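Worksheet for the structure shown next.
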Amino acid sequence: MRVLWFNCDCHSFPGVAIAVATLGIFWACLISIYDLATVHDAHTIHSMASGREPNLERFQKEGHSAFVVGYTGETGKALVTELNETKAFKRVVLIGRRQTNITEKLGEGFEEKVVDFDQLENYKDAFEGCDVGFNTLGTTRGKSGPEGFVKVDHDYVLKSAEIAKTSGCKHFIHTSSQGSDKNSSFLYPRTKGQVEESLKMMIFERLSIFRPGILLCDRQENRAGEAFFRTILKPIFYFFPTAISTPTEVVARAMLNNAISISSGNKTELFENKAIHMLAGSLKPKTSEMVKPDKKLPQDKTESEENLEL
Ligand SMILES: NC(=O)c1ccc[n+]([C@@H]2O[C@H](COP(=O)([O-])OP(=O)(O)OC[C@H]3O[C@@H](n4cnc5c(N)ncnc54)[C@H](OP(=O)(O)O)[C@@H]3O)[C@@H](O)[C@H]2O)c1
Ligand SMILES: *[C@@H]1O[C@H](CO)[C@@H](O)[C@H](O)[C@H]1NC(C)=O
Ligand SMILES: *[C@@H]1O[C@H](CO)[C@@H](O)[C@H](O)[C@H]1NC(C)=O
Ligand SMILES: *[C@@H]1O[C@H](CO)[C@@H](O)[C@H](O)[C@H]1NC(C)=O
Ligand SMILES: *[C@@H]1O[C@H](CO)[C@@H](O)[C@H](O)[C@H]1NC(C)=O
């Protein structure tokens, strides 16, 4: 029997044929769902990416300050590198549970503050004066157990956001996840979704939610289960780089581009995996995605504009 381009003795290895076929179908589904997805509001997102240079110049002159929680993580490290290279903020407070002395290797304006996340209300001064806040905090169920996961990804994140808000944070930039859904019956997407909802209810002047797919980086620690999936999915990461994965540097670049941009007017800006690539400037919008340059409410639309949308 032939399986794809292999001649395979499938009487002795029926499992191989089934596995190959299942994998093929699985890939095809994933790719068609995610890679063909259109990016909503591509015009706004693209202009945030293409405006990086002038935005950076303006933003630097305005003299903003930021804090980063989760700066020792993979996404956090990439973000710190981006902040160090662009010098977008006059002051950056790195807030974490342990001292790393990373500021010795960074330019001016970086400070490291060690806090106890279980008693964060005693560390309010760490957040003081930061008008922008980045959150890249997170753990996994495998690493911390279900309660530990909720404690970090839900409680610590919301507590940080709450204290940040009362300390003057105007723009909160949060790392969520692809598939995040407050109604999910699975713990991970449900927790991520609930946090998004709670953040929306805090009513920051501006809230940006990033929903990356699988994060690509040279991770120090070993996560056995994850490593297996990453190996299987490698061809997709390679051939469809914006479909279900994002390198941490791309997330960091997108976050920075968003932070320095002028608000699009949306109280909440939501960036799915593909939009993150576009926001970082590594994916150009399709012509069909650029059709709607102006954001008018439906009742403001003329008939010809409505036709254009169809
Ligand atoms: N990994 C993925 O493929 C993926 C995909 C989609 C979304 N995300 C989400 O993206 C975010 C960033 O992910 P990542 O992979 O960059 O994270 P990461 O490398 O695991 O880093 C996690 C950060 O959270 C901190 N942290 C963890 N447990 C803590 C605790 N108990 N108390 C205080 N701080 C704690 C870590 O500090 P220490 O260094 O001190 O441990 C570190 O700074 C997370 O919210 C994650 O859920 C991840
Ligand atoms: C950070 O610096 C302090 C003071 O020099 C030192 O005591 C501590 O061990 C350093 N920590 C790390 C993680 O390098
Ligand atoms: C931060 O930027 C400075 C230059 O401004 C550079 O010398 C240093 O190596 C950078 N640090 C890191 C960790 O990238
Ligand atoms: C979640 O459930 C609520 C009702 O419990 C419903 O109003 C809402 O539309 C659901 N959201 C999603 C994203 O399915
Ligand atoms: C801004 O809001 C509009 C209307 O709700 C939405 O269609 C669009 O996708 C939003 N843009 C971003 C970047 O979230």
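Order of listing sets the numbers, starting from 1, for every ligand and every atom in it. Because the structure is predicted, anything quoted here is derived from the model rather than measured.
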Minimum distance, heavy atoms only, to [atom]: which one of [options] is it?
atom                    : options                      : result
atom 33 (C) of ligand 1 : Lys143, Arg97, Arg98         : Arg97
atom 48 (C) of ligand 1 : Leu215, Leu94, Asn135, Thr72 : Leu215
atom 44 (C) of ligand 1 : Thr75, Leu137, Val69         : Leu137
atom 26 (N) of ligand 1 : Ala78, Gly138, Gly73, Pro212 : Gly138

Whether the [X] and [Y] side chains hold a donor-acceptor pair (N or O, under 3.5 Å, no angle test) is what I'd like checked.
X      : Y      : result
Thr191 : Asp153 : no
Asn273 : Thr246 : yes
Glu74  : Thr248 : no

Could you tell me whether Arg91 and Glu128 have a side-chain N and a carboxylate O separated by less than 4.0 Å? no
Are the charged groups of Glu62 and Arg58 less than 4.0 angstrom apart, N to O? yes
Just which atoms of ligand 1 are under 4.0 Å from any heavy atom in [X]?
X      : value
Ser177 : 6 (C), 7 (C)
Gly70  : 43 (O)
Phe117 : 33 (C)

Polar atom proximity, Thr136 to ligand 1 (N or O, under 3.5 Å): no
Using a heavy-atom cut-off of under 4.0 Å, does the side chain or the backbone of [X] touch ligand 1, or both, or neither?
X      : result
Lys192 : side chain
Asp153 : side chain
Ser176 : backbone
Phe229 : neither

Using heavy atoms and a 4.0 Å limit, tell me yes or no: is Gly213 in contact with ligand 1? yes
Less than 4.0 Å is my threshold; does some heavy atom of Arg230 fall inside it relative to ligand 1?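 The answer is yes, since Arg230 has a heavy atom less than 4.0 Å from ligand 1.
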Within the 4.0 Å heavy-atom sphere of ligand 3, strictly under, residues: Asn84, Lys87, Lys105, Leu106
Can you tell me how far CD of Glu272 sits from CE of Met278, rounded to the nearest 0.5 angstrom? 12.5 Å
dist Ser185:OG -> Arg190:CZ (nearest 0.5 Å) comes out at 7.5 Å
Give a yes or no on whether the backbone of Asn135 and the side-chain of Thr175 come within a donor-acceptor separation of less than 3.5 Å. yes
Quick one: does His46's side chain get under 4.5 Å of Lys284's, heavy atoms only?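 His46 vs Lys284: side chains touch.
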Within the structure provided, determine whether Ser160 and Leu120 are in side-chain contact (heavy-atom separation under 4.5 Å).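 Side-chain contact under 4.5 Å: yes.
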One pair to check against side chain to side chain donor-acceptor pair (under 3.5 Å): Thr139 and Ser144. What are the steps and the verdict? CA-CA 7 Å; Thr139 186; Ser144 311; 2.7 Å; yes
Any residue meeting salt bridge (charged side-chain N to carboxylate O under 4.0 Å, His left out) with Glu197, in chain and number order, not counting sequence neighbours: Lys200
